[in-house]
Structures are given as C-alpha cells and as structure tokens.
Asker: 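Starting off with a structure, shown below.
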Amino acid sequence: MDRQGACRDPVWKYFQSVQYGTHGNFSRLSHPTFLPRFEFQDVIPPDDFLTSDEELDPILFGTLRGQVVGLRYYTGVVNNNEMVSLQREPNNPYDKNAIRVNNVNGNQVGHLKRDLAAALAYIMDNKLAQVEGVVPYGANNAFTMPLHMTFWGKEENRKVVLNQLMKHGFKLGPTPKTLGLSLESSWSSGRAGPSYNMPAHVAVQMTTEQLKMEFDKLFEDLKEDSKTNEMEPSEAIETPLLPHQKQALAWMISRENSKDLPPFWEQRNDLYYNTITNFSEKERPENVHGGILADDMGLGKTLTAIAVILTNFADGKPLLSKRSKKNQPRKEYKDETVKLRGSKTNKEADGLSTLEPSRCSEEPGVSDIQENKKYPMSELSSFCPKRRKIAVQYIESSDSEEMETSELPQTMKGSSKVKEDTEFAHALASSASVTKKKMLKKGASVMKGSKKCDTGERTRTTLIICPLSVLSNWIDQFGQHIKSEVHLNFYVYYGPDRIRDPALLSKQDIVLTTYNILTHDYGTKDDSPLHSIKWLRVILDEGHAIRNPNAQQTKAVLDLEAERRWVLTGTPIQNSLKDLWSLLSFLKLKPFIDREWWHRTIQRPVTMGDEGGLRRLQSLIKNITLRRTKTSKIKGKPVLELPERKVFIQHITLSEEERKIYQSVKNEGKATIGRYFTEGTVLAHYADVLGLLLRLRQICCHTHLLTNGMSSSGPSGNDTPEELRKMLIKKMKLILSSGSDEECAICLDSLTVPVITHCAHVFCKPCICQVIQNEQPHAKCPLCRNNIHGDNLLECPPEELACNSEKKSKMEWTSSSKINALMHALIELRTENPNIKSLVVSQFTTFLSLIETPLKDSGFVFTRLDGSMAQKKRVESIQCFQNTEAGSPTVMLLSLKAGGVGLNLCAASRVFLMDPAWNPAAEDQCFDRCHRLGQKQEVIITKFIVKDSVEENMLKIQNTKRELAAGAFGTKKTDANEMKQAKINEIRTLIDL
DNA sequence: ACCGCCGGGTGCC
DNA sequence: ACCGCCGGGTGCC
C-alpha cells in the first residue's frame, strides 16, 4: 500500500501531520514563490501557520544499540527502561563530537561512547534525524550502560543518515513493533506491552470543526464525579451561577486545593515514579494547582473565574462580602492594606512612603469600612452596562518619561497600535477616575527597596492576563457580578502610567493586564514588576495566545511565578496538538514542560494514531481540563438553553451589467487558468488562481470592489528588480485582501505593518526583523527556510493601501444586487419590528463602506466595527450597539474577522452574511457573537449567495468539507496524489472549468 | 624477542 | 572494570 502523505497535509496544521511510514516526498513545495498560506491541500486558506518547524520527524528509520559511558562522573541516574535524551555538546574540550546523555530531569547521566558520538554528531547537528534513547537495562551499572536508540527523520534524509552511520560502521536495526516508544512495555506493570503495530492509517484531513469534534470526543466518557459536584460561590458574588458554572467552581477549587500527585505519577516506596518515562525521583512532583477551563465560548468562563478568585480567596476560604464585619478581620492581610489616598496623611510607611500607604492601625471596624471605601464596587465605571463603576486605581505619574513611547515594546513601536493602546488606556483610566488621586511616584530605587521586603512573601494577589480586546470585558464583569459593598483592591496594570511597583501590585487582590504589557515589561531591562512577584494565582484569558512557543509573549508568560495557574480558552487545541504543549508548560506539568518528553510520549504517538498515546492524552486532558460545549448537558438538561438559530440562504441574481462584468473577468481568468491546467502548473500558480477567485467574489458583492486587474504574469525568472518588487507587493496586497486570515506566522496575530519576503511570505515587520536579528547572519524564512535578509523585505507602500479606498470614495455611489437585497430585507424587518438589531457582515470592508450610503438614505441608525478601528472606538461602537435604548443603532456593519473571541453582540438577533467565507468555521464564529449567552430571541441568519457564481461553488466545497467530518483521529488514509487531485478538482469546481 | 605471555595500572567525553 | 587497553617485564621444557 502506498501511504504517501505530505508533511503539509491539512492535518499537519492540526496534529503536526506526522505520518508513519510515508514514502512520498512533496512535503515542501519546491516552487519558491508558492504561498504556503494557500497550500494546495487546502483551497480554503488555512487558519494560520505554525511557525518555526522544529519539525517533528515522522518516520522511523530504525534502531541502534550503543553505550553510555562515564557514568561515574555524573549524578544523573536512570531506571531500567527510562527514556533519556541525547544532547550535543559541541564545546566539549575533549571531543567536539561529544553527546551528552541526560535523564528526564535533565541531569547528565553520561556520554555516548566516542565512536558512536562521532557518527551521530553530524546527524544531530544537521537535524537529519532525531535520535531518542532508552536505557533498556543495566541502569545501575557503575561505569557504562547500554542504550537503545531510535532514529526518526524525514524520508528525504533517510539515505544520508544511513550512509553517515555506515561510514562509521553502524547499521540501523529493524524497527520493532513498539513504534520506538519502548516505554510501553513497562509503563503499565512491566509485562511486555501490547504490540503497537504500525498504524494502518495516516491522519485524515480535518477541518477546524472536525478537530474540535475530535477533541470533544476525548471528553465523551468522562463523566466523573469530580466534575459534577456543584459548589456555591462566595456570597460576594451577586450573580447566581448556572449549574455548570457551579460545577466548574467546585472542580477548580478542588484542583487548587488538591494534594494529589500530578497525572502519570505514583508513589513507589519512597520514590515518586513517572509511569510514562519511567523516571523517578525522591522529591514529590508538584501538582498543578490549576488547569484548563476549556468551556465553549459563551458559557461564562469569566464569571466562573471571578467566582474562583473570590471563593478560594485565601487559605481555601472565600472573601466575604463584608470583610470588615466583626470577627472577620483579615488578620493575615490587614496589615498589608494599602490605601492609596493622597489626602490621607502618611504614617509609618516602610519603603512605600511615596505611595502614601497607611497601615490599618486598629482592628478593622466600621470606621475601617469608610476608610477603605476607596474602591467599593458601587463606584464602578461606566463600562458596566449596569452603571456600576469599578474601582480601578488610577495614579497619575509625575514622571513624564514614563509616558514615552520609547518604553513601548519594539514590536509596537511605529505601529499605529501603540497609539490606539495608549488612547485606550487613557479612556480606561479616566473612566475609572472616580477615585483618581494624584500620587507622586519617585525613583525606582524606592520601589526596588520595597520589593525586597516582598520577596518570598506570599501574596493573595491574582494576576489576570488577557488580550486587550477583552480587557474592558473583565472590568465590566467584575463590576456586574460582585456585590457593591465588597471591597476589592483591583488594579488595571495598563497604559503608560501604570505603576511598576511590585509592593503596590502585590497588595492588590486582583491585577489585570494584557499580554502585550506583560511582554513589554519582560523585554525591558529593568525587572518587570509582574515577574518579581510570586502570585497567588495567574489566570490566562484566551490562553491560546501563548500557543506559539517561540513568541516572546509566551516566554514572558512562562516566566511568571504562581502557586495556582489557570488557562481559560474556548479552543485549547486550535491548530495542532502542539498548542496544548504551551499550555501544559505554563501549568508546569512535569515532565511535559520539556518539549521532547511531550513530543515523545504524546504528540508523536497520537499523531501517528497510536492507541497508547491517545490514551495518555485522554487521561492527561481528563485530569487537568474541564470542557463543556454549548450542547453539553447537566442532569439531562442542556447547559445553556439558547434560542434557536436558523440559517437561510438567499440567492441573488446579478443584474445584466454585473453579470457582464462577471463573465468577462471570469472568461479572461478561465483562459489563463485553463492554460495552467493544460500545462499542469495550476498549483504553482495558486496565487493567480486566488486572485481570480477574489475578483469574482468581489464582483458578486459590488463591482466597485474590483481591484485593479492583477496582470496574470507569474515570475518569469528574469524579472528586473523593479518588476520583482512590484510583483511581490501585488502578492502581498492580494494576501491582505483575499479574505484569508491575515495572520503573521510568527506572532500568530493579525499583521501589523505587513512586509513580504522575497520568497513571498508575509509577516509583521517587527516579527520578521526579530527573527533576522536572532538568526543572523544566516536568517531563514520561518515558512520556507529560504535565506532572507533585512534589506530585501518589502513593505506595502501606504499610498497603495490608502489609494484604494480613496479611489472608491471618488466614484459615484451605485447600488448592487446584493445591496438591494440587503436593503429590502432590512426595511422589511424594520416594518415588522423596529427594535430588532442586525449584524451586516462582510469580509470586504470597502463593501461595508458602500453599504453605509443606503443605510443613511433609508434612515437607519447604524454603527460599524472592523479591524482597522482603534480600540477605544471599538469599545464605543460595541457599547453603543448593545445599548437597547430608543434611538440606539439597529444595524452594525461588521467585518467578518473583527473583534477577538468573546465579542458579545447579543443585542442583535439577525445576521446578514453578505459574502461566504472560505472557512465555514469563521462564519460560525461570527454567528456566535450574537448567538450566545444573553441572547433571548431566535437568531436568524441570512447568507446572500449569488446564483451561478463562484459563491455557489464555495458553498459546495464548504458542504463537502462538512460532510467529511466523520473521521476520527486519522482513521482514513489519504493518498497524496488523491489529495492533490482533489485540490485541483476543487479549483475546477470553483471556476467551472 | 621487530614476537607472545604475564600481570599491574588504569579507565568518558 | 569479573572488562579492554596500555606498556613494562620477561622469555625452553
């Protein structure tokens, strides 16, 4: 059986597509200008790209026996059957080929024997194969021990590896049935394990939805009691919790207070033993006092987290709503209460004097309430719909240097983001300025001095890190859900005036900040205050923000110290199992903190369809995550009873004129693409294909969207530099406007200052510059490994971007068939019920602009939300729309991808999807912004689809993708050629060839 | 004996 | 290491 597969088959995106026994070799497209974003396996542009491929090595080359020597010089010990890792030691003074052998903990056990090292060094240095070791027996030997090695690599490297070994007189042995896991035999009681036959399948193509389904399957049989107990929250919480939230609360608190060993560890005599790696040690491995709350969007993760904070406030006890009641002095903390009241005289201040704290001198009593009244929940900011105000401490800095943008992260510098963020910070702070007091902040030396007092001290502070887009949501929710008489020290660590004082921060109950701020602080030379505190608890909201292990952001997060750690995310596995690893390493789950062990014990086995690996993954996930979907049930009742959601497709017939334009563009394109078909170069000209499709999609919406014809010339090989430049810029514009995800493969975030490399890959300028800096002098493109250089990055000239929209505005406005249909529907709806609010969604922001005209003309009050808007404007727009008062907007123009997860637009109960998305999941996500908790009405979605057009064809493909959704983690085999053919057929379908 | 054999010293890379 | 390897002592049976 030919089991070819591409490393980049769609599963690659999800499960790293490591495939077993593959022979094919078109993993990388050789065509340098090929845009990996649009790899042929997936006409639907993939969600995003994984970054640097410290590529997994999918194929087992074979095994080898060797020796570990020099045991007596090192302290690292191993058990029989324990996994070890091999590490090159190029600077060893005795042998430049030296290879260290380390146990699971990273302690050196010995070295590989010299002759073996001589053969392996080359292989390891050039990453021709991943060599993994297990000590089969003889672990207690005094001088040397045997080593069983397994070689994994890419098919294309097999030969050179074998040759290299042969040159040194080594020959790989047969691949055993155990898939090289070898641990299997002993991890469940020492019997010879079940034989792990080569999986007879490779992973099947999966869409994001399918992946999610697969992930949810992992939870199907997990109905343990530990997750069905319910718990009432602290009385400080005003909002009654739903049953599933009470369950989450109980589970999370039990995890925070748990004394169990972490998963896969057991106690054996006086040792703690890891059943996966067979590693053991005396020291008790710390369990994760936390985990992953992976509830679907809209199930109230934020509220649940707030409940956890207040209910397991200190020493396993809740924060009471009236802290100052007699008999409930917060003994251990009362001395730490910092009062940031400028007007109060400052008494003894121990290093904090500049912050004017005063100590509670007496037993807290009634008077104390008043004294503490500084941040009552009843004075919360106008961010809360309920008109509560949150106690955000805002302290004006007198140090103007603090405000300089020079302090902002490199990556933010020069981008418009900075200004937005800063603006937003001011908006935030000023709205919270009820308690605003001028505070003088003097030199950092005082801070540092005071920080020292804090080190080692346990704080009661919870640090919450979230994306900027949900920062205000957190503030709102604290305001909404906590009783007004509860005093909570809450500090939004954000904006140029944020106080970088660990002493102040560690006296808060809650510190809220964003990933960007955290990362920026971490990157600056001075100690980041956030990193000098031992937090009681760190909560990562939208935890997949750290899914890229190489991102600075991830490093900053991983470096936080906390007793309890939580990740909130609706999508724990967004693209690949890899994503989970970042989360696990944040949770400090031994031994997975180290990539190698995660990879060897779970990721690769699972990807290859190995039962044991899947079992381990399941058991791991079961242990540390709680997940409910919208359709989950509690005691037979759905978790959420959402009103129905109906999707209608309304077919649109183009006007004669539109049709004429459509046909002419189509015919022209068809001729070109048809030529590619006959030449067999369709896939190589994929960008052109996309370009054509884009233009057709635009015409379906409005002929004014039609961007200047992409001349269909590809690279001819002997272009002048200027031609090359033009072509690349054109490509970049295409990528930016094609409606695919405009994400940078390095930061996995939306592109800020996009640049294109000569190999035609688009990144954020700051991101790619960082890469070039790090890898100099021989930087390689993270996507295709071609050489790149800082000098030949091309930026999109701003005029080019700007002129597009200007040109449009100069044109006289005309309607289009789709606009007519929309307006008809909206007007009819208004007649029926003027209170109903609608979302009008498109991928083309210029289209949204075109829609503004008739909305105005017909007297609609509307608002707009798209990716280009400043954060402050977004918040305003959302609040304005969510407002239900008379005269509030009834229509929101929404760009498909605007707003992060968690965007709540439940005031709308109608959605008009103006154009189909490549990715059906993106559509669903958009619908969910109004079909979510808080939605009281039936949600009706109308998709406008132009008859007899590319849009209809897109629907067809969407549907077949959905139908494919049956497979399990790789139960279907997909032949590479089949796949290739399938993609070509998709293109055929799309343009009716 | 420019060998073999013996037994002591010695030991990762 | 109850090994291998090294190099010095030694040398018929």
Side-chain angles (χ1 to χ4, degrees), chain A residues 54 57 60-153 157-158 160-173 176 180-183 186 190 271 273-274 277-283 591 593-601 778:
Chain A
E54 308 98 51
D57 300 319
L60 181 54
F61 290 163
T63 60
L64 190 65
R65 274 306 172 88
Q67 274 206 311
V68 188
V69 298
L71 303 183
R72 62 168 163 155
Y73 301 100
Y74 307 99
T75 53
V77 291
V78 291
N79 293 312
N80 286 339
N81 284 313
E82 182 170 335
M83 294 176 160
V84 291
S85 75
L86 305 185
Q87 182 190 14
R88 274 284 283 129
E89 206 175 59
N91 296 323
N92 187 303
Y94 303 96
D95 181 1
K96 63 176 167 47
N97 295 322
I99 297 170
R100 277 177 63 150
V101 178
N102 299 331
N103 71 11
V104 174
N105 240 8
N107 300 117
Q108 183 165 10
V109 178
H111 277 107
L112 284 194
K113 217 165 181 295
R114 200 184 193 97
D115 51 348
L116 180 58
L120 294 194
Y122 176 80
I123 292 171
M124 290 175 73
D125 291 343
N126 294 291
K127 301 201 164 45
L128 299 173
Q130 172 70 27
V131 189
E132 297 177 350
V134 172
V135 174
Y137 54 87
N140 292 321
N141 292 356
F143 305 100
T144 69
M145 58 173 70
L147 181 68
H148 182 88
M149 282 163 289
T150 331
F151 287 65
W152 302 85
N157 292 326
R158 184 198 288 267
V160 53
V161 168
L162 294 185
N163 280 340
Q164 165 72 9
L165 289 171
M166 197 156 60
K167 233 165 52 189
H168 288 81
F170 296 101
K171 192 169 176 263
L172 290 188
L181 273 174
S182 91
L183 52 132
S186 54
L271 288 178
Y273 191 86
N274 184 283
T277 58
N278 294 318
F279 173 76
S280 64
E281 62 182 337
K282 263 225 161 82
E283 203 179 312
I593 303 170
D594 189 326
R595 230 167 146 62
E596 178 176 350
W597 306 119
W598 158 254
H599 181 213
R600 279 176 71 171
T601 60
H778 300 299

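Quick note: numbers below take in every heavy atom, side chains included, and nothing from hydrogens, waters or symmetry partners. Below, chains carry the letters A, B, ... as their sequence lines are ordered, and counting in each starts from 1.
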Asker: Residues in side chain to side chain contact (heavy atoms under 4.5 Å, CB included) with A:L172, at least two apart?
Answerer: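 So A:L172 forms a side chain to side chain contact (heavy atoms under 4.5 Å, CB included) with A:F61, A:L64, A:F151, A:L162, A:L165.
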
Asker: Can you list, in residue-number order, the parts of residues 100-112 of chain A that come under 4.0 Å of DNA chain B, counting heavy atoms only?
Answerer: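 Within residues 100-112 of chain A, the residues near DNA chain B are A:H111, A:L112.
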
Asker: Going from CD on A:Q130 to CG on A:L86, what distance comes out if it is rounded to the nearest 0.5 angstrom?
Answerer: 8.0 Å

Asker: Could you give all pairs that pass the ring pair (Phe, Tyr, Trp, His ring centres under 6.0 Å) test and reach residues 76-105 of chain A, with sequence neighbours left out?
Answerer: none

Asker: Please tabulate the protein-to-nucleotide N/O contacts below 3.5 Å involving nucleotides 8-10 of chain B, giving atom names and distances.
Answerer:
none

Asker: Going by number, which of residues 66-75 of chain A have a non-hydrogen atom under 4.0 Å from DNA chain B?
Answerer: A:V69, A:G70, A:R72, A:Y73, A:Y74

Asker: Please set out all donor-acceptor pairs under 3.5 angstrom arising from side-chain atoms of residues 135-142 of chain A, sequence neighbours excluded.
Answerer:
{"from": "A:N141", "atom 1": "ND2", "to": "A:G138", "atom 2": "O", "distance (Å)": "3.4"}
{"from": "A:N141", "atom 1": "ND2", "to": "A:T144", "atom 2": "O", "distance (Å)": "2.9"}

Asker: Would you say the side chain of A:D95 and the base of B:dC13 hold a donor-acceptor pair, judged only by whether the two atoms sit under 3.5 Å apart?
Answerer: no

Asker: List in chain and number order the residues that pass side chain to side chain contact (heavy atoms under 4.5 Å, CB included) with A:N79, two or more places apart in sequence or in another chain; answer none if no residue qualifies.
Answerer: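 With neighbours one apart ignored, the set is A:E82, A:Y273, A:S280.
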
Asker: Suppose we screen for side chain to side chain contact (heavy atoms under 4.5 Å, CB included). Which residues come up paired with A:K171, at least two apart in sequence or across chains?
Answerer: none

Asker: If you look only at pairs with a residue in residues 109-121 of chain A, which of them pass as a side-chain hydrogen bond (donor to acceptor under 3.5 Å, both in side chains), with sequence neighbours excluded?
Answerer: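 Every pair satisfying side-chain hydrogen bond (donor to acceptor under 3.5 Å, both in side chains) with a residue in residues 109-121 of chain A: A:Y74-A:H111, A:E89-A:H111, A:Q108-A:H111.
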
Asker: Sequence neighbours excluded, which residues qualify as side-chain hydrogen bond (donor to acceptor under 3.5 Å, both in side chains) partners of A:N157?
Answerer: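 side-chain hydrogen bond (donor to acceptor under 3.5 Å, both in side chains) check on A:N157 returns nothing, list empty.
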
Asker: Any N/O pairs under 3.5 Å between the protein and nucleotides 2-4 of chain C? List them or say none.
Answerer:
none

Asker: Among residues at least two apart in sequence or on other chains, which ones pass side-chain hydrogen bond (donor to acceptor under 3.5 Å, both in side chains) with A:N274?
Answerer: A:T277

